[in-house]
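Single-structure report; data block below.
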Amino acid sequence: MLKPHPVILRDLVKQYEEFRARESDRSSYETRRQLADLSYTLCVSTGTRTVEAALAFAARQLDADLAEAAHGRPLPASLQLAS
């Protein structure tokens, strides 16, 4: 299985969480459709069948990527913290 790039995976999770919050505040057809699209993309990107499994996979993968980066491999500029 291909491994999703951490920046893309992090962005997908962030977008999903933002749309999930919007959906609970004021659910519209467009918000529900975008949330369904993000859910599908997360599942495809992580090789899972449910959003819950995709989010769990993403959390594990992002934690592993950060741990790997902490042990010598430099982070891409887009992931580095500003000082």
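Numbers here are sequence positions counted from 1. Heavy-atom basis, side chains included; hydrogens, waters and symmetry copies ignored.
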The salt bridge (charged side-chain N to carboxylate O under 4.0 Å, His left out) partners of E30 (sequence neighbours excluded) come to R33
When L35, V51, T31 are each screened for side chain to side chain contact (heavy atoms under 4.5 Å, CB included) with R20, the one that passes is L35
Next on the checklist: Between S45 and I8, is the side-chain contact (heavy atoms from CB on, under 4.5 Å) condition met? List the steps.
Outcome noted: CA-CA 9 Å; S45 298; I8 293 171; 5.7 Å; no
Rounded to the nearest 0.5 angstrom, the OG1-CG distance for T50 and L42 is 10.5 Å
When rounded to the nearest 0.5 Å, the distance separating CD of Q15 from CZ of R10 is 13.5 Å
Lys/Arg N to Asp/Glu carboxylate O, D65 vs K3, below 4.0 Å = yes
Rounding to 0.5 Å, atoms CG (L62) and CG (L55) come to a distance of 10.5 Å
Note to self: Could you tell me if the side chain of Y16 sits less than 4.5 Å from the side chain of L12, heavy atoms only?
What the structure shows: no
Separation between NZ (K14) and CG (L9), nearest 0.5 Å, reads 14.0 Å
